[in-house]
Amino acid sequence: MTNTRQLFSTDRLRLEVGETISATVGYETYGRLNARRDNAVLLCHPLAADCHAAAGPADPRPGWWEPLIGPGRAFDTDRYFVIAADTFCGWGTGEAIPQITVRDNVRLQRQLLKSLGIERLACVAGPSTGGFQALEWAVTYPDRVDQVIAVASGHQASPLFALAVCQAAIDAIRTDPAEGLLYALRLYLTLSSSNDWLDAVWGRRTAPASPHPWTGPEGRYAFQAEVEAEAERLAAHLDPGRFAAAARMALLHNIAHGNRDLDVAAQKIAAEILLIPVSSDILFPPSAGREFADLVRTYGGRAEVWVLESLAGHRAALLEAHRLAEPISAFLGHPVWH
C-alpha cells in the first residue's frame with residue numbers, strides 16, 4: 001500500500017467570492033486505480049488534520065483514519081483506490097489566502113481528480129469538517145459520486161460549532177497567532193469531548209508531575225493536562241493563519257447556499273448517503289442528522305443514519321474509528337476481515 005505525498009497545482013481555481021487564484025495542495029493515495037477508473041474513493045480530513053489518513057511505506061506514522069484504510073478494511077485498498085487530499089486552507093504556511101469555502105475546496109478536489117483521470121467517485125467520505133466536503137460533493141457534483149459518508153458532521157455548520165469552535169479560533173488567532181492557536185485547539189478539543197467521557201477517563205486525578213490543583217494556580221487535573229498537551233502537539237504542525245482560514249471555511253459551510261433553500265439542495269442529491277452521528281456529540285447531535293436524512297428521503301433520495309453510541313463526543317469519529325468499520329463496510333457492500 002503506497003502513500004507517497006504528492007502535490008497538485010492549478011492556476012485557475014474560481015472562488016465563491018468571484019476571484020480566480022492559483023492553488024497547490026498535497027494528497028496521498030492508497031491502493032491502485034483499476035482499468036475502468038471506477039474504484040476511486042476520496043477521503044476528506046477533519047479540521048486539525050491533513051491528507052495523511054493512513055500509514056504506508058513512504059510515511060509509517062499512523063493516520064487519522066488508520067483503522068479503516070488498508071487490505072481487508074472498510075476502505076479496502078485491494079478493492080479501492082483511495083485518495084486523501086488536503087484542503088487548500090490547511091496546507092502550507094505563510095502566504096495569505098482569500099476567503100475559501102467548502103465548495104471551493106470541492107471544486108479544487110474535482111480538478112485534482114481530473115488530473116488523475118478520474119471522472120466519477122465510488123465514494124466520498126470524511127469525519128467532522130471532512131464530512132462537510134463529502135456532503136457538498138453530493139450537491140455540487142451529483143452525477144460524479146455514487147456514495148457519500150459523513151461522520152460526526154452535518155449539512156451545515158451548527159451554531160455551536162460556528163460560534164464556539166470556528167469564530168472563537170478566528171478571534172483568538174487574530175489577537176495573538178501562536179497563543180491564539182493553542183487556545184483555539186484547547187477549546188475545540190474540549191467541546192469535541194463530553195463530560196461523561198472526560199470523567200470516565202480522567203476523573204479528578206491530579207496530572208503527573210503536577211501539584212494538586214487546590215495548592216495553587218500551577219496545579220493541573222489530568223484532563224486539563226491532557227487537553228493542553230494534545231493542543232500543543234497539534235499546534236506544532238499547524239500554521240495559525242491557515243487554521244483561521246480553515247475555521248472560517250467551516251463556519252460558512254451550508255449546502256443550501258446558492259440554492260433557493262435546503263429542500264432544493266436535497267433534491268439535487270443522487271448519491272446514497274450514510275450519516276454516522278455520535279450519540280454524545282454536542283456539536284452535531286444525532287437529531288440533526290436524522291432530520292436531514294428524512295428530508296433527502298422526502299424527495300426520493302437514499303439516506304440512512306447509523307448512530308455511534310459513545311461517551312467520547314465529537315472526537316469519537318477519530319478516537320473510535322475502528323467501530324466505524326462495520327457500518328461503513330455494510331454501506332459500501334462488502335465485509336471486513338476480522
Side-chain angles (χ1 to χ4, degrees), residues 41-44 46 74 101-103 106 121-166 191-192 194 250-317 320-321 323-333:
V41 170
L42 177 66
L43 299 184
C44 307
T101 67
V102 169
R103 190 166 297 159
V106 166
L121 289 163
C123 180
V124 185
S128 188
T129 56
F132 289 1
Q133 296 169 64
L135 291 168
E136 184 62 55
W137 263 94
V139 175
T140 300
Y141 296 112
D143 59 341
R144 299 290 181 184
V145 58
D146 295 329
Q147 294 182 298
V148 166
I149 302 169
V151 183
S153 191
H155 62 278
Q156 63 184 7
S158 69
L160 182 60
F161 183 78
L163 290 170
V165 173
C166 301
L191 290 167
S192 296
S194 75
L251 183 154
L252 295 172
H253 168 60
N254 182 0
I255 64 169
H257 179 72
N259 298 285
R260 188 190 66 214
D261 53 28
L262 184 59
D263 287 65
V264 171
Q267 290 177 63
K268 290 182 176 180
I269 296 174
E272 293 180 289
I273 305 291
L274 173 63
L275 303 176
I276 306 182
V278 180
S279 60
S280 57
D281 188 354
I282 62 172
L283 298 176
F284 296 95
S287 58
R290 292 190 184 100
E291 289 175 8
F292 181 62
D294 286 344
L295 181 64
V296 172
R297 289 192 291 262
T298 295
Y299 293 107
R302 296 161 294 173
E304 57 185 274
V305 179
W306 188 91
V307 178
L308 177 61
E309 296 291 340
S310 170
L311 295 178
H314 188 69
R315 298 177 74 184
E320 300 181 12
R323 298 183 58 203
L324 304 175
E326 292 288 352
I328 288 176
S329 298
F331 180 69
L332 295 176

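Contact annotation: the side chain of Ile328 approaches that of Ile276 to within less than 4.5 Å [non-hydrogen atoms, C-beta and beyond]. Contact annotation: the side chain of Leu191 approaches that of Ile282 to within less than 4.5 Å [non-hydrogen atoms, C-beta and beyond]. Between Phe292 and Ile255, some side-chain heavy-atom pair lies under the 4.5 Å cut-off. Looking only at side-chain heavy atoms (C-beta outward), Gln147 and Leu274 stay at 4.5 Å or farther from each other. A 4.5 Å side-chain heavy-atom check between Tyr141 and Leu121 finds every atom pair outside the cut-off. Annotation: side chain of Cys44 is in contact with side chain of Val124 (closest heavy-atom distance under 4.5 Å). Counting heavy atoms from C-beta on, the side chains of Val139 and Asn259 come closer than 4.5 Å.
A distance of 4.5 Å separates CD1 in Ile149 from CG in Leu332, rounded to the nearest 0.5 Å. Rounding to the nearest 0.5 angstrom, the gap separating the CD atom in Gln267 from the CZ atom in Arg260 is 7.5 Å. Atom CD in Gln133 sits 11.0 Å away from atom CG in Leu43 (nearest 0.5 Å). Between Lys268 atom NZ and Asp263 atom CG the span is 12.5 Å, to the nearest 0.5 Å. Remark: Thr140 OG1 to Leu135 CG distance equals 10.5 Å, nearest 0.5 Å.
Looking only at distances, a side-chain donor or acceptor of Ser279 sits under 3.5 Å from a matching main-chain atom of Ser310. Of the possible polar contacts, one joining the Arg323 side chain to the Glu309 backbone as a donor-acceptor pair under 3.5 Å is found. Of the possible polar contacts, none joining the Ser192 side chain to the Arg315 backbone as a donor-acceptor pair under 3.5 Å is found. Checked by atom type and distance alone, the side chain of Arg103 never pairs as donor or acceptor with a backbone atom of Glu136 at under 3.5 Å.
The shortest non-hydrogen separation linking Leu275 to Gly289 is CD1-O, 3.3 Å. Taking every heavy atom of both residues into account, Ser158 and Leu283 meet most closely at OG-O, 2.6 Å. The two atoms that bring Pro277 and Pro286 nearest to each other are CB-CA, 3.6 Å, heavy atoms only. Phe331 and Ile273 make their closest contact through CZ-C, 3.8 Å (heavy atoms, listed as atom of the first residue, atom of the second, distance). Annotation for Val264 and Asp261: closest pair N-OD1, 3.0 Å, computed over non-hydrogen atoms. Closest of all the heavy-atom pairs between Arg144 and Trp137 is CB-CZ3, 4.1 Å.
A tilted orientation is assigned to the rings of His314 and Phe284, their planes being inclined by 30° to 60°.
Side-chain atoms of His253 and Thr129 include no donor-acceptor pair closer than 3.5 Å.
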